[in-house]
Amino acid sequence: MFTNASLLLGRLDWHSFQHGPVELVGIASMAGGLLTAVAALTYFKKWKWLWREWLTTVDPKKIGVMYIVVAALMGLRGVTDALMMRAQQATSVGNSHGFLSSDHFQQVFSAHGTIMIFFLAMGLMFGLINLILPLQLGARDVAFPFLNATSFWLFAAGMALINVSLAVGEFAAAGWLSYPPLSELRYSPGVGIDYWIWALQIAGIGSLLSGINFTATILKMRRAGMSLMRMPMFAWSVLGSMSLIIFAFPILTVTLTLLFLDRAVGTHFFTSDFGGNPMMYVNLIWAWGHPEVYILILPAFGVFSEVVPTFSRKRLFGYTSMVIAIWAIVILSFLVWLHHFFTMGAGANVNAFFGIMTMVIAVPTGVKVFNWLFTMYRGRIKFTTPMLWFLGFVATFSVGGMAGVLMAVPPADFQLHNSLFLVAHFHTMIIGGVVFGYFAGLTYWFPKIFGFKLNERLGRYAFWCWLVGFLLAFIPLYILGLMGATRRLDHYDPSMGWQGLFIVAGVGVAIIVAGIGFQLLQLFVSIRDRNQNRDLTGDPWQGRTLEWATSSPPPVYNFAHLPAVTGRDAFWSMKHAKKSTEPIEYQPIKVTKNTPLAIAIAGLAFSAGFGFIWHIYWLPAVCLLGVITTVIIRASDEQTEYRLSASQIRKIEEARA
């Protein structure tokens, strides 16, 4: 029987706000951070500035910065979760049961995996792409500026839902991919799985829109003269990654919808009875999930393809083979998903095919690594912080890659599946490949984005803490996996002999946290000393691609004069060509206006997701109407741009010079 309260508030009641002491500490930390930010904005009278310059912007450079800020905040939460897990595993042995309950431990590791993949790695990726891709293409903007802003705010709405689960209700305790039947209503009757579904659904739709937008930008917005085979390798890697998003993320959208229907309206797509099949979910989620790994890693490969030639003072070795390797990875990434469940009875022939494909996909990745090393060969190498991140990547990624090839052999996978060996392999690929790659990119392009360099000494300290801490944190997990330790383990018997290795792993995570501390200190010191480290040339590293052809930071229109492209390494060619002595003539430029409608759409999406989670079904209906109205308003607006006159551009350029 429905009551007025249930119709109005669904399942939401005062019990939803009751939490244990550990959760209360997290809630207090989050609330304290929000209150501090609100107080600072109020004290310094920055609310109008924040709204006008950032929250309503459609400038991809500012959107990129906001992606990175959100990713950094979520990364700090994800690292906190990692510390809690390692502390629990180091202390919960024998008669001691640590400080987390089993259920809370499951929520922590589920949140950790979800946050790190969807909101740290994806956030860093889209942040760098927004910041650099239009500049590298010689473009003034992305193909669809409003769609780009909407994509970011949908990403932020998904992030907000995950954090709300900390205070209202609970989060999923079924792992970061929420396999049925554990994620079905019978075994997870709370709202945790629903928070997981709608946080990923909303952020995933934003990612799909970004994939469409950046693909269109690359195909249609390149500067005249920049053929596909003249594009920078970062742009090629983004095109490969965005192509994967366009094909893979609709699978995620459909899969999450079907799981929600199972839970909300009693369908049986993935149940263990009434005609459902949990293995259908596992196939679908990994048909998205394995391409997702390459969605993340390809732009990181693109970063290395820019960093290594710049600091080796050489052209990239094997450009054509690098392009072929990207597209080999794109195609093969859809032919390996079943290696995630070799142990689930697909049969010897199927396992053999996917095992071979998994080994084959290592070949184009190896091609890229050897090409980077050949680029360095006989180069005048400068070991800056971005190059250190690259060298750390080569060392760690090679270890992770060999472990991956080992697990591509089905008999070996039968022994290692669901063990900590697999956890160590996955983290080696994601941290050693994706995170190190984006750290290299952020350090490399930081002066272009903000106009001053980061402190090199503190950057080196951060790198060595990350590298040493990473090895200490995950090499013990390889050993523990071989000893039989399974993942998702929050308690074990002392006779297993595992505690020492768990303690070493915990020390490794603590050293990584020290590395994060050095990065925060590096940022603080760099901002403090920014006037001594200004980039007044626009080209602090002697770069080779077009992003270095404009000032640091670039103006809203990127280029006052669109640069000419006559070959690869377009800016390198421009610097060594005879310069024209003709007077500079400026032309008017159209710039897209700021708009609050993107944040309005995301706010409505957040509210709809919250309504679905708590069964407040009138709320999604109202939000859907609001989204339709907002889209109609935007589509009806014919004044979405403003015009900068030639005299205004001249004043801006002369002031920047």
Side-chain angles (χ1 to χ4, degrees), residues 20-23 25-26 78-114 116 170-183 186-188 190 192 278 340-345 399-400 403 406-407 410-428 431 469-513:
V22 177
E23 294 97 322
V25 171
V79 169
T80 302
D81 289 340
L83 275 172
M84 291 169 65
M85 287 189 291
R86 288 294 170 262
Q88 173 73 10
Q89 289 174 323
T91 58
S92 182
V93 54
N95 293 325
S96 171
H97 289 268
F99 64 100
L100 296 176
S101 67
S102 293
D103 184 64
H104 192 197
F105 183 85
Q106 309 304 311
Q107 289 186 45
V108 168
F109 83 70
S110 300
H112 172 76
T114 304
M116 290 310 215
E170 60 186 8
F171 193 65
W176 76 280
L177 289 179
S178 292
Y179 281 9
L182 184 56
S183 58
R186 178 187 298 177
Y187 301 104
S188 296
H340 291 276
F341 44 102
F342 276 154
T343 61
M344 295 185 184
V399 172
L406 171 63
M407 289 190 296
D413 188 72
F414 268 71
Q415 297 298 316
L416 299 171
H417 186 78
N418 208 39
S419 75
L420 287 177
F421 189 97
L422 174 62
V423 173
H425 158 69
F426 185 75
H427 281 80
T428 307
I431 295 178
F470 172 80
L471 295 174
L472 283 176
F474 292 102
I475 287 178
L477 299 195
Y478 281 114
I479 301 168
L480 283 163
L482 292 171
M483 294 171 69
T486 59
R487 54 184 174 175
R488 310 178 184 182
L489 190 72
D490 66 294
H491 185 75
Y492 51 92
D493 191 271
S495 63
M496 306 302 292
W498 295 344
Q499 187 176 23
L501 289 168
F502 274 123
I503 291 172
V504 173
V507 171
V509 175
I511 295 174
I512 290 175
V513 171

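Please read these numbers as outputs of a predicted model, since none were measured by experiment.
Across all non-hydrogen atoms, the minimal contact from His112 to Ala82 is CE1-CB, 3.7 Å. Between Asp81 and Val108, the closest heavy-atom pair is O-CG1, 3.6 Å. Residues His104 and Val22 share a closest heavy-atom pair of CE1-CG1, 3.3 Å. In terms of heavy atoms, Met483 sits closest to Gly497 at CE-O, 4.0 Å. Taking both residues in full, the closest heavy atoms of Asp490 and Gln88 are given as O-NE2, 3.3 Å, listed atom of the first, atom of the second, then distance. Contact between Leu471 and Pro476 at its shortest, heavy atoms only, is O-CD, 3.7 Å.
In terms of modelled atom types and a separation under 3.5 Å, the side chain of His491 and the main chain of Gly94 share a donor-acceptor contact.
With rounding to the nearest 0.5 angstrom, the CG atom of Leu501 is 12.0 Å from the CD atom of Gln89. With rounding to the nearest 0.5 Å, the separation of CZ in Arg488 from CG in Asn418 is 6.5 Å. In this structure, CZ in Phe99 is found 9.5 Å from OG in Ser92, a value given to the nearest 0.5 Å. Rounding to the nearest 0.5 Å places OG1 of Thr91 at 8.0 Å from CD of Gln499. For the atom pair CD (Glu170) and CD (Gln107), the distance works out to 5.0 Å, reported to the nearest 0.5 Å. In this structure, NE2 in His427 is found 4.5 Å from CZ in Phe474, a value given to the nearest 0.5 Å.
Side-chain contact of Ser495 with Asp493: a donor-acceptor pair under 3.5 Å is present, judged by distance alone.
Contact check for Thr343 versus Asp413: side-chain heavy atoms found under the 4.5 Å cut-off. The side-chain heavy atoms of Ile512 and Val79, taken from C-beta on, include no pair separated by under 4.5 Å. With a 4.5 Å cut-off on side-chain heavy atoms, Met407 and Phe421 count as touching. Looking at heavy atoms from C-beta onward, Ile479 lies out of side-chain contact with Leu420 at the 4.5 angstrom threshold.
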Which pairs would a plain distance check flag for residues 173-182, meaning a side-chain donor or acceptor within less than 3.5 Å of a matching protein atom at least two apart in sequence or in another chain?
from   : atom 1 : to     : atom 2 : distance (Å)
Ser178 : OG     : Gly175 : O      : 3.4
Tyr179 : OH     : Trp286 : NE1    : 2.5

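Screening Ile511, Ile475, Val509, Ile431 against Phe470 for a side chain to side chain contact (heavy atoms under 4.5 Å, CB included) leaves a single residue, Ile431.
By the 30° and 60° cut-offs, the orientation of the rings of Trp498 relative to Phe502 is perpendicular.
Listed by chain and number, the residues in a salt bridge (charged side-chain N to carboxylate O under 4.0 Å, His left out) with Arg186 are Asp273 (sequence neighbours excluded).
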